[in-house]
Number of protein chains: 2
Amino acid sequence: MDQLFTATGFDDPGSGPLYLQLQRRIAEAIASGRLSPGSSLPAERDMAAMTGLSRVTIRNAIQALVASGQLVQRRGSGTFVAQKVERLEQALSLLTSFTEDMSRRGKSVDSQWISRMIGAPAPEEVMALGLGADEHVVRLERVRRSDGLPLAIERASLPTTVLPDPGLVEGSLYLTLDTLGMRPVRAVQRISAANLGPRDAELLGVSPGVAGLRIERIGYLATGRVVEFTRSLYRGDAYDFAVELKLAPEGQAK
Amino acid sequence: MDQLFTATGFDDPGSGPLYLQLQRRIAEAIASGRLSPGSSLPAERDMAAMTGLSRVTIRNAIQALVASGQLVQRRGSGTFVAQKVERLEQALSLLTSFTEDMSRRGKSVDSQWISRMIGAPAPEEVMALGLGADEHVVRLERVRRSDGLPLAIERASLPTTVLPDPGLVEGSLYLTLDTLGMRPVRAVQRISAANLGPRDAELLGVSPGVAGLRIERIGYLATGRVVEFTRSLYRGDAYDFAVELKLAPEGQAK
DNA sequence: TAGTGGTCTAGACCACTTT
DNA sequence: AAGTGGTCTAGACCACTAA
């Protein structure tokens, strides 16, 4: 960190904007390990003094690194190199719950409940769950953590006819459904990517704008009845989903 | 747009930072349609004069909307509301190529080649393709577009023993492999989310930092031989991947 | 209380696009 | 040539955290 923030080497003409030059310097220092995870950077005002740049320029350089999750800023405290997050991989070919998936690979799992409630369904929920008039839904909203690290936000909606009481779910949702004879045997998922909003980012402990994996799942019983409608948001830097694809059988091709 | 940028209504105490208040105003105007896709916003200096805020604050408000793809800025030209992008959905259960997938739903497909070359494999490629010593790889890099809109960047690597000449691929890679008797029947994909870097964002016509869907695929012949290693980056706002999951058969459970 | 990041300002010059 | 976004500065006050 000693010669990282010097005034030397900032020659505008060839190397682009100053804030990008500084950003590159810091990114390389992190990648090379010269700045190790958890270590703190100098205060913004100090960096400005050391480099001869203005504080606004310093902030501009830092901003992208915060947005991409490489740095973390805490007001009143400082700027720090983010902890490395081990990237987990989930097989998508099998229908397993978060809890089962994690414990299979020896990770601890816990949930931080945000809300558990019964209410009138939103139009989106009526559609997804195929609800009749005056049917109600149970909503379970929680942050899923593994080894203490927030990995995903899970927002599940189920008809009260499937899950009468949200208090029944403690750990695994699928385990609870199992005991009720309501475990889905089939599910359809839609996967997309989106920048995390401020609220979701805070729940996951990352900066707003970081890329997240958004997954919508509708689970079915063997009878074809819909039992769950779950919207999850995974940290993009912490999760891989693996899928195995097969060629369509000749007769089935369309 | 007439009363969108007035000085009224910016009372700090209750509503948070000024730039967030303005950002919210603009986002709502876009969502409600008062600002329609393609229409231009006033120049930053004009917005500053109209609202009584400084230009820096205006830029701060606009920045997040640009980062999330709702606005587009063009130097020397202006700030515009982004065109709406129809969200496409791809079934992941079947092994199909981009070209086949798109034409099945009646979209035009074209590719913009970035490079087609033969070279020595990178370590990553040796790993994925299971290459021997002095085997070479064909690299195909292109931007995939549908109806003229860039949707994905595709970077494919194949052993020269599978595809001797990159010039053989014009449209669909899988169609070309088909004629060579080298079409994969099975593939494994890994899906994750990442913020797009400046180069990839430019190729896709979005702003750096926008969330993208990253997909790595390894394709196998019936014999088990690896034929392709493809890394793709999809626009997160334009693509959904759909997957159907099934419960593990009892006997196969582990 | 001292130090940190968060916000905000007024003004400046540059690079680019449009006319 | 005029207008636009892109970059940069010096200085200020606020909100939060830590000792």
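So you know, we letter chains A, B, ... as the sequences are listed, proteins then strands, and number each from 1.
Between the CG atom of A:Leu53 and the C1' atom of D:dG11 there is a distance of 16 Å, rounded to whole Å. If you take CG of B:Leu20 and C1' of D:dC14, they are 15 Å apart, rounded to a whole angstrom. In this structure, CE of B:Met47 is placed 16 Å from P of C:dC8, rounded to the nearest angstrom. Counting to the nearest Å, the P atom of D:dG6 and the CD1 atom of B:Ile58 are 14 Å from each other. Look at CD1 on B:Ile62: it is 12 Å from C1' on D:dT4, rounded to the nearest Å. The distance from atom CG of B:Leu18 to atom P of D:dC14 is 14 Å, rounded to the nearest whole Å. In this entry the distance linking CZ of B:Arg74 with P of C:dT17 reads 11 Å, nearest Å. B:Gln63 places its CD atom 11 Å from the P atom of C:dT7, with the value rounded to the nearest Å.
In this structure, the separation between OG on A:Ser207 and CD on A:Gln70 is 11.0 Å, given to the nearest 0.5 Å.
A donor-acceptor pair under 3.5 Å is absent between the side-chain atoms of B:Asp200 and the main chain of B:Ile153, judged by distance alone. Counting only distance, with no hydrogens or angles, the side chain of B:Thr51 and the backbone of B:Met47 share a donor-acceptor pair below 3.5 Å.
Of the two residues contacting DNA chain D, namely B:Val56 and B:Asp46, the nearest-nucleotide position lying further toward the 5' end is that of B:Asp46. Residue A:Gly76 is the one, among A:Arg59 and A:Gly76, whose nearest nucleotide of DNA chain C lies closer to the 5' end (criterion: closest heavy atom).
The side chain of A:Thr79 places an N or O atom within less than 4.0 Å of a non-bridging phosphate oxygen (OP1 or OP2) of C:dG5. Between A:Thr57 and D:dT7 there is no side-chain N or O to OP1 or OP2 distance below 4.0 Å. Between A:Tyr19 and D:dT7, a side-chain N or O to OP1/OP2 separation shorter than 4.0 Å is present. Using a 4.0 Å cut-off, no side-chain N or O of A:Gln73 falls inside it from OP1 or OP2 of C:dT4.
Which of D:dT17, C:dT9, D:dC8 sits closest to the side chain of A:Ser77 comes down to D:dT17. Among the nucleotides C:dT17, C:dA10, D:dG6, the one closest to any side-chain atom of B:Arg75 is D:dG6. For B:Arg45, the side-chain atoms get nearest to D:dG5 when compared with the rest of C:dT7, C:dT9, D:dG5. Set against D:dG6, D:dC8, C:dC8, the side chain of B:Glu44 has D:dG6 as its closest nucleotide.
Contact record, A:Leu140 with A:Trp113: CB-CZ3, 3.7 Å, taken as the closest heavy-atom pair.
Judged by distance alone, the side chains of B:Gln73 and B:Glu44 do bring a donor and an acceptor atom under 3.5 Å apart.
Nucleic acid contact class of B:Arg55 (heavy atoms, under 4.0 Å, all strands): base.
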